[in-house]
Amino acid sequence: MPSPPGGFEVPLWRALTVFRLASLAYVCVLAVRDADRYAHPYAVGALILVMMAWTGVTAVGYARPAWRRWPLLLADLGVVLAVVLATPWVVGRAALSHGVPTMGVAWMAGPVLAWAVAGGRRRGTVAALLVAGADLATRERIGQSSFTGVILMLLAGVVVGHVARLAASAEERLQRAVELEAATRERERLARGIHDSVLQVLALVQRRGADLPGEAGELARLAGEQEAALRALIAGAGPAATSIPDAAEAVDLRTLLGRYASAAVALSAPATPVPLPRRVAGELAAATGAALDNVGRHAGGRAWVLIEDEGETVTVSIRDEGPGIPDGRLAEAAAQGRLGVTQSIRGRVADVGGTVRIVSAPDAGTEIELTVPRSR
């Protein structure tokens, strides 16, 4: 089953809650140890209560994916900055100069880690710089140990942010793999249904009509061609296909359209390759095949296919010398459920972000221009 949104990040948010609880316990231990050295011990106790309350708020808030947004993230950073900036007054400058730790100590890294998990390395770095700057502002003397704490906080923001982005990327890949597996199983189910019904009927028509004269023999030949095409499609979709080609891999469109060239179809293409992403090229070739099929069934005669590589776009033009398409015929065919142009041509091209232009006039033939972008 697919993981829920943010599923891979859940352990990171839980680890953040554990870190804040552990760092808060450490602050309490230091407060007990240094209670007699604070300038305002009661203020220190009040500040620790605020830190406890806010730790509980963040534990509940970050546990809910809908709350992991800017309002809570900004409030978290603001509370921690306020606690850090209050340190000089509640602890006292004299105590700080004698080595008493600031009130935040490790607890102030909480929003840095939260921003890193929520937004990656950049957000983690920004939060670390803000918290580290506030911490340095509370000190009268900045030594090597102060900069060590800043560097550690920056490293924590960068590393945790990187891990969070890796988790999000892994979750997306898993989701795509699960969807691909489901689609493959559905195709296998459809392939079994086609094999049990459509292929058997086509094979029967081809066998019975192979020796018949006239149009019956032509129908038998067409049935045999469609049976072969369907069998090839099923073989590619079945479990024997051990690898699935990358849809973004570039292929030469000339190779895919070259199979349509024949005595009745003239193909003109550039001398150099016409690379397109595999999915785009496949849909464009299928739409071209559907257009040529329409030429064979409705126009007869010859057809001309022209490939034009225009840099950002690629255009395939299919022209015939048939009787043309009467006005309103395409809309009438769609209303009757005959969706060859609507789905096989327009639908395929639209799926890859392209456009279809049809120019036709009575007794003047038809020209179909299929234009697709090289990249979307």
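Sequence positions, counted from 1, serve as the residue numbers for this chain.
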Between Arg278 and Glu249, does any NZ, NE, NH1 or NH2 come within less than 4.0 Å of an OD or OE carboxylate oxygen? yes

Are Val29 and Val27 in one and the same hydrophobic cluster, where Ile, Leu, Val, Met, Phe, Trp and Tyr link if side-chain heavy atoms are under 4.5 Å apart? no

Counting heavy atoms not belonging to Arg176, are there more than 12 under 6.0 Å from its CZ? yes

Taking the side chain as every heavy atom from C-beta outward, state whether Val352 and Arg348 have any pair of such atoms under 4.5 Å apart. no

Using a cut-off of 6.0 Å, state whether more than 12 heavy atoms not belonging to Glu310 lie near its atom CD. yes

Does the distance from a Lys or Arg side-chain N to an Asp or Glu carboxylate O, for Arg346 and Asp351, drop under 4.0 Å? no

For a ring pair (Phe, Tyr, Trp, His ring centres under 6.0 Å) check, start with the C-alpha distance between Trp70 and Trp115, then their side-chain angles and the critical distance, and finish with the verdict. CA-CA 9 Å; Trp70 280 114; Trp115 279 45; 5.4 Å; yes

Linking I/L/V/M/F/W/Y whenever any side-chain heavy atoms sit under 4.5 Å apart, do Val112 and Phe19 land together? yes

Quick one: do the Glu171 and Gln175 side chains pair a donor with an acceptor below 3.5 Å? no

State whether a side-chain donor-acceptor pair under 3.5 Å links Trp304 with Asp320. no

Would you mind checking if Glu367 and Arg319 are paired as a salt bridge, meaning a charged N to carboxylate O distance below 4.0 Å? no

Salt-bridge present (Arg165, Glu9; N to O < 4.0 Å): yes

Please determine whether residues Leu30 and Val91 belong to a single hydrophobic cluster, defined as Ile, Leu, Val, Met, Phe, Trp and Tyr linked transitively by side-chain heavy-atom distances below 4.5 Å. yes

Do Thr87 and Thr138 meet the criterion of a side-chain donor-acceptor pair at a distance under 3.5 Å? no

Do Asp252 side-chain atoms and Val274 backbone N/O form a donor-acceptor pair below 3.5 Å? yes

Indicate, with yes or no, if Tyr42 and Val44 share a hydrophobic cluster defined by side-chain heavy-atom contacts under 4.5 Å among Ile, Leu, Val, Met, Phe, Trp and Tyr. no

Just by modelled atom types, is the Gly120 backbone N or O under 3.5 Å from a matching donor or acceptor in the His162 side chain? no

Would you say that more than 12 heavy atoms from the other residues, nucleotides or ligands in this model lie under 6.0 Å from the CZ of Arg93, or not? yes

